Number of protein chains: 2
Amino acid sequence: MTKINIKYLAEKLKMAPSTVSRALNDSYEISEATKAKVMALAKELNYQPNPYARSLRAHKSRTIGVIIPERINNFFAQVIDGIEEITQQYGYHLLVYNSHEDVEQEKKIISYLLGGRVDAIVMSVSSQTSSTEHLEQVQKQGIPIIFFDRIAQDMPTTKFITNDYQSGFDATRHLIKNGCRKIYFLLLSKEITIGKERLRGYLDAIKGSDLPFKEEWVIQCSQDEKQNMELFKSFLYPMDRPDGILSSVEKLAITAYHAIKQTRLSIPKDIKLITFSNMKIADLLNPPLTTISQPAHEIGRQCAKLLMNNLTKTKQIPIEDKVITIPSVLQIRSSSEP
Amino acid sequence: MTKINIKYLAEKLKMAPSTVSRALNDSYEISEATKAKVMALAKELNYQPNPYARSLRAHKSRTIGVIIPERINNFFAQVIDGIEEITQQYGYHLLVYNSHEDVEQEKKIISYLLGGRVDAIVMSVSSQTSSTEHLEQVQKQGIPIIFFDRIAQDMPTTKFITNDYQSGFDATRHLIKNGCRKIYFLLLSKEITIGKERLRGYLDAIKGSDLPFKEEWVIQCSQDEKQNMELFKSFLYPMDRPDGILSSVEKLAITAYHAIKQTRLSIPKDIKLITFSNMKIADLLNPPLTTISQPAHEIGRQCAKLLMNNLTKTKQIPIEDKVITIPSVLQIRSSSEP
DNA sequence: TTGTAAGCGTTATCAG
DNA sequence: CTGATAACGCTTACAA
């Protein structure tokens, strides 16, 4: 419980605290001799500056807030790894929060962060988030906030996404080309942009084909796995079941896999399946799962670079209002082939 | 960029800052009328207290540091979710760091945290960590540090593990019972305790059987996936290959799956496989993978509860020097059955 | 080149 | 019940 602070070092060295501070910060106005002495003692006593005193003084916390809707998901884990890779080079720290796809939780987290605990926020909104009032608050406080994947489309800031429309379109075309005539689309929520864009791609692909289309083919899923399971089974059992499924998020595809197995249908013979997913072992599944995988790590890196450029450079680089698209990759595997 | 602080509120209300502070903290020595007025304005102006000023004053940050060796791993993600579930009830925040299985990185992270940025640390050490000098520093500073899964055995603190020995033993017995005569053990590192304990269980199971045993059956793996792949193939191709594999960590099992597929061997006919893993979709693999899965979420919760009890209670509950074991579950699936 | 003093936003202590 | 003041540890004008 030692409290080695600048004052203590100053006493030991018989210098003024300010001198010690300057020496530690390698100020040009301190002699090399003094610097050496200070550094030596600091090292010996393992002095660590109090970050909160610094933050209070500088109005900077060297901390970034990261908010994700789900932690047990490779995509988000990879993004955070990407963010951390960059931020730690600048000595920044990461406060990470899981909103659990819950807007109320999200609002609570945001309100914590409003007090200046973080210098910036990078987030993916929950699937329930429709209003962005709480997010605008953040900007009003002058805290930069940027989005990735699940973006708040109308907010004037930089948003990173992948080519959701194109990917949804390509995946659907791929299913059609492989003989699917009745393709369902699994949607987590209409609120979130990625859902909308991926859906739009799907719809356009269907419309551009000779397939009919029915509203019911777009399946609104819930957050509850069991409910989804019942829902899926309910449309898998009847004779007029789908022969293709495009899932907009990994979680739903997993449930679909299970539902299909339970109904004794076969992938890909009876039903072909594609999902957006960043899982590492899609090729080990039975059958190997066709995925649209996002450049998660790179998204994280770019988010962080943008923020670091804005926060740490002397000539501050502004955060523009724009959407940056980093393309996904359609990895074709057996689950979608004849 | 408004700076709504206590002083500002005090001016507006024509009160002293200390009164405002007390009112906001619902002090008993403030009249209800005053409280109401203060609260009202605070709400109206969306006042948020500056956490750093508070931390500086109170020598408490309401922040916990979490260090894990790997982020893209369900086990660690689940543990963090468990930690967060508890800590957020107490208004605590989580700084999360990934050591990437690198001791040097781990040391760097620890040194950041030494300045009082966090009130406590909960961590799983990297597979390279043999010396615990840097970890002892933390304790010397009076910062509580507890461990889970990859523990620093000799440090006087609470460590959460699962029944690694028993699980290793049971899994090996299960393989033997199912006809394996030559079982390899995949080890990430001899340094880490879980490796040692799981290995000890394996060894005792072999010794207690009529099987011979050779040193070479314990495979020292590296951090590099490609190297491991080559290594695995090198012992899979020969005629005297193993007919069973027990992997002490998920990552190695995945590589083994790939290696086995590439060598055209069949699981479980040619080789049976079991791994420690918390993946959600083990049953969707081809073949479904037998796993020893840990109560990750519960481990996280217990870690957090221990810390919260120590940090937030008026009669501080000490962190004892002991090991708490929460049992894992052997989930038998096709990969290990005849 | 070094020392003095003020202040970042809060809260605890002491007075009134 | 409320107000003035000091202090947490650090940095930065300003002074020497």
Side-chain angles (χ1 to χ4, degrees), chain A residues 1-39 41-42 45-63 91 114-119 141-142, chain B residues 1-39 41-42 45-63 91 112 114-119 141-142 314:
Chain A
M1 214 46 144
T2 44
K3 32 184 178 179
I4 306 167
N5 52 30
I6 286 194
K7 219 192 252 172
Y8 181 82
L9 291 183
E11 265 176 42
K12 283 269 171 199
L13 291 162
K14 294 182 204 292
M15 298 180 193
S18 57
T19 307
V20 176
S21 170
R22 278 184 277 240
L24 289 169
N25 290 308
D26 202 25
S27 163
Y28 65 95
E29 40 181 10
I30 295 291
S31 73
E32 289 305 324
T34 307
K35 275 185 196 173
K37 264 190 269 178
V38 173
M39 292 296 194
L41 187 65
L45 298 183
N46 218 293
Y47 165 76
Q48 291 295 126
N50 180 315
Y52 298 118
R54 264 192 183 168
S55 294
L56 181 58
R57 184 109 226 290
H59 297 287
K60 286 210 172 287
S61 62
R62 286 179 168 265
T63 305
L114 245 33
R117 193 178 291 272
V118 296
D119 294 344
Q141 299 263 333
Chain B
M1 212 49 141
T2 43
K3 31 182 177 180
I4 305 165
N5 52 29
I6 286 193
K7 221 192 250 173
Y8 181 83
L9 291 182
E11 264 176 42
K12 283 268 172 200
L13 292 161
K14 293 182 206 291
M15 296 180 194
S18 54
T19 307
V20 176
S21 170
R22 276 185 279 237
L24 289 169
N25 289 307
D26 201 25
S27 162
Y28 66 95
E29 41 182 9
I30 296 291
S31 73
E32 288 305 322
T34 307
K35 275 185 196 173
K37 264 190 271 180
V38 173
M39 291 297 195
L41 187 67
L45 298 183
N46 217 293
Y47 164 75
Q48 290 296 125
N50 181 315
Y52 298 118
R54 266 193 182 168
S55 294
L56 180 58
R57 189 101 229 288
H59 298 284
K60 285 208 172 287
S61 62
R62 284 178 169 267
T63 305
Y112 290 150
L114 244 33
R117 191 178 291 271
V118 296
D119 294 344
Q141 299 264 332
T314 41

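Because the structure is a prediction, the values reported are computed rather than measured. Atoms considered below: every heavy atom in the structure, side chains included; atoms not considered: hydrogens, waters and symmetry mates. Chain A is the first sequence line, chain B the second, and so forth, proteins listed ahead of strands; every chain is numbered from 1.
The shortest non-hydrogen separation linking A:Tyr52 to B:Val118 is OH-N, 4.4 Å. Nearest heavy-atom pair across B:Leu45 and B:Tyr8 is CD1-CE2, 3.7 Å. Considering every non-hydrogen atom in both B:Ser61 and A:Arg117, the closest pair reads O-NH1, 3.9 Å.
Take the nearest nucleotide of DNA chain C for A:Arg57 and for B:Asn5: the residue whose nucleotide is more 5' is A:Arg57. Mapping A:Ala53 and B:Lys14 onto DNA chain D by nearest heavy atom places B:Lys14 closer to the 5' end of the strand. Between A:Thr19 and B:Glu32, the one whose closest nucleotide on DNA chain D sits nearer the 5' end is B:Glu32.
Counting atom types as modelled, A:Ser18 pairs a side-chain N or O with a base atom of C:dT4 as donor and acceptor under 3.5 Å. Under 3.5 Å, the side chain of A:Arg22 and the base of C:dG3 form at least one donor-acceptor pair of N or O atoms.
When heavy atoms are screened at a 4.0 angstrom cut-off, A:Tyr8 is found touching no nucleic acid atom at all. Nucleic acid contact for B:Ser55: none, since no nucleic acid atom lies under 4.0 Å from a heavy atom of the residue. Across all strands shown, B:Ser31 has heavy atoms under 4.0 Å from sugar-phosphate atoms exclusively, and none from any base. A:Arg54 comes within contact range of the sugar-phosphate backbone alone, with a heavy-atom separation under 4.0 Å but no base atom that close.
The interatomic distance linking B:Ile30 (CD1) with C:dA12 (P) rounds to 12 Å, in whole Å. With rounding to whole Å, A:Ile4 atom CD1 is found 16 Å from D:dC8 atom P. The interatomic distance linking B:Leu13 (CG) with D:dC1 (P) rounds to 18 Å, in whole Å. The CD atom of B:Glu29 sits 16 Å away from the P atom of C:dG16 (whole-angstrom rounding). Atom CD in A:Glu11 sits about 13 Å away from atom P in C:dG3, given to the nearest Å. In this entry the distance linking NZ of A:Lys7 with P of C:dA5 reads 13 Å, nearest Å. The distance from atom CG of B:Asp26 to atom C1' of D:dC1 is 15 Å, rounded to the nearest whole Å. Atom NE2 in B:His59 sits roughly 11 Å away from atom P in D:dC10 (whole-Å rounding).
Of the side-chain N and O atoms in A:Lys35, none sit less than 4.0 angstrom from OP1 or OP2 of C:dT1. For B:Asn25 and C:dT11, the shortest distance from a side-chain N or O to OP1 or OP2 is below 4.0 Å. Under 4.0 angstrom from either OP1 or OP2 of D:dT2 there lies no side-chain N or O belonging to B:Tyr28. Within the 4.0 Å cut-off from OP1 or OP2 of D:dG9, not a single side-chain nitrogen or oxygen of A:Asn50 is found. An OP1 or OP2 oxygen of D:dG9 is reached within less than 4.0 angstrom by no side-chain nitrogen or oxygen of A:Tyr47. In terms of phosphate contacts, B:Ser21 brings a side-chain nitrogen or oxygen within less than 4.0 Å of OP1 or OP2 of C:dT11.
One N or O on the side chain of B:Ser55 and one on the backbone of B:Pro51 form a donor-acceptor pair closer than 3.5 Å. Counting only distance, with no hydrogens or angles, the side chain of B:Asn5 and the backbone of B:Lys7 share a donor-acceptor pair below 3.5 Å.
For A:Ile6, whose side chain is taken as the heavy atoms from C-beta onward, the closest listed nucleotide among C:dC8, D:dC10, D:dT2 is D:dC10. With C:dC8, D:dC10, D:dC1 as the candidates, the nucleotide lying closest to the side chain of B:Thr34 is D:dC1.
Heavy atoms from other residues, nucleotides or ligands lying under 6.0 Å from NZ of A:Lys37 number 12 at most.
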